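What's counted below: heavy atoms across the whole structure, side chains too, no hydrogens, waters or symmetry copies. Keep in mind it's a predicted model, so treat the numbers as computed, not measured. Below, chains carry the letters A, B, ... as their sequence lines are ordered, and counting in each starts from 1.
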Amino acid sequence: MIATCSNKTARILALVRLIPEGRVASYGQIAGYIPGVTPRMVGFALAGRGATDGVPWHRVVNAQGGISGHAAGAEQRRRLLAEGVAFDSAERIDRRRFGWPGPDPATLVEMGLDPAAAFALSHRDQ
DNA sequence: CTTCTGACGAAAT
DNA sequence: CATTTCGCCAGAA
């Protein structure tokens, strides 16, 4: 039950929390599910709170499937490898294999979000 | 109250 | 492929 999601930050974290083990999502992808939220806000949400509390922050990478230059980058990479996520020679993750398809439409509705957004999102990426 | 700053993305050029 | 521009939350000092 996800209530009191007035804050965009809370919704972002809630969404990140849904990413299953062995899969990754991009900042932009997460932002895409929540109207009014930009990829930057996703980054801010994770950085500002040190969201290590039940939130799999390491499963959020940039649009290129890589880890941006941040302090916990090394640990992030290590955690992903431990989950079976592979990096190519350019230190990038193949989103066709490890990318998170997104949450179930029902879950989005439950969170007060629009499933159509997810549809548009999956339609965009290639 | 103000100012600073912090894990990004996409389109245009 | 490199560089620029805009988008505009939230917590700390």
Polar atoms only, N or O, under 3.5 Å: list the protein pairs with nucleotides 10-12 of chain B and their distances.
{"residue": "B/dA10", "atom": "OP1", "partner": "A/Arg124", "partner atom": "NH1", "Å": "2.6"}
{"residue": "B/dA10", "atom": "OP1", "partner": "A/Arg124", "partner atom": "NH2", "Å": "3.0"}

*Taking the side chain from A/Asp104 and the backbone from A/Ala106, do they hold a donor-acceptor pair closer than 3.5 Å?*
no
*Say you draw a straight line from CG of A/Leu81 to CD of A/Gln76; how long is it, rounded to the nearest 0.5 Å?*
10.5 Å
*Rounded to whole angstrom units, what separation is found between the CG atom of A/Leu80 and the C1' atom of B/dA7?*
13 Å
_Length of the line joining A/Ile30:CD1 and B/dG9:C1', which is rounded to integer Å_ = 14 Å
_Between the side chains of A/Arg79 and A/Glu75, is the shortest nitrogen-to-carboxylate-oxygen separation below 4.0 Å, so that they form an ion pair?_
yes
*Taking side chain as C-beta onward, heavy atoms only, is A/Leu113 less than 4.5 Å from A/Arg11?*
yes
*Between C/dA10 (C1') and A/Leu46 (CG): distance, integer Å*: 13 Å
_Counting primed atoms plus P, OP1 and OP2 as sugar-phosphate and everything else as base, spell out the protein contacts along nucleotides 3-9 of chain C at 4.0 Å heavy-atom distance: B, S or - for each nucleotide, 5' to 3'._
----BSB
_Suppose we screen for side chain to side chain contact (heavy atoms under 4.5 Å, CB included). Which residues come up paired with A/Pro20, at least two apart in sequence or across chains?_
A/Arg23, A/Trp100
*Can you tell me how far P of B/dA7 sits from CZ of A/Arg78, to the nearest Å?*
20 Å
*Rounded to the nearest 0.5 Å, what separation is found between the CG atom of A/Leu121 and the OH atom of A/Tyr33?*
5.0 Å
*Take the protein atom CG of A/Asn7 and the nucleotide atom C1' of C/dA10, then report the distance between them rounded to whole Å.*
9 Å
*Length of the CZ-P vector between A/Arg59 and B/dC8, whole Å*: 20 Å
*asked:* Let me confirm one number: the CZ-CZ distance from A/Arg17 to A/Arg59, rounded to the nearest 0.5 Å.
replied: 12.0 Å
*Taking atom C1' of B/dC8 as reference, at what distance in whole Å does atom CD of A/Gln76 sit?*
13 Å
*Within the side chain of A/Asn7, is there an N or O that forms a donor-acceptor pair under 3.5 Å with the backbone of A/Thr9?*
no
*asked:* Would you compute the distance between atom CD of A/Glu21 and atom CD of A/Glu83 and round it to the nearest 0.5 angstrom?
replied: 4.5 Å
*Please measure how far the C1' atom in C/dG7 lies from the corresponding atom in B/dG6, and state the result in whole Å.*
15 Å
*Round to the nearest Å and state the distance from A/Arg11 atom CZ to C/dA10 atom C1'.*
17 Å
_Whole-Å P distance, B/dA7 and C/dC6_ = 23 Å
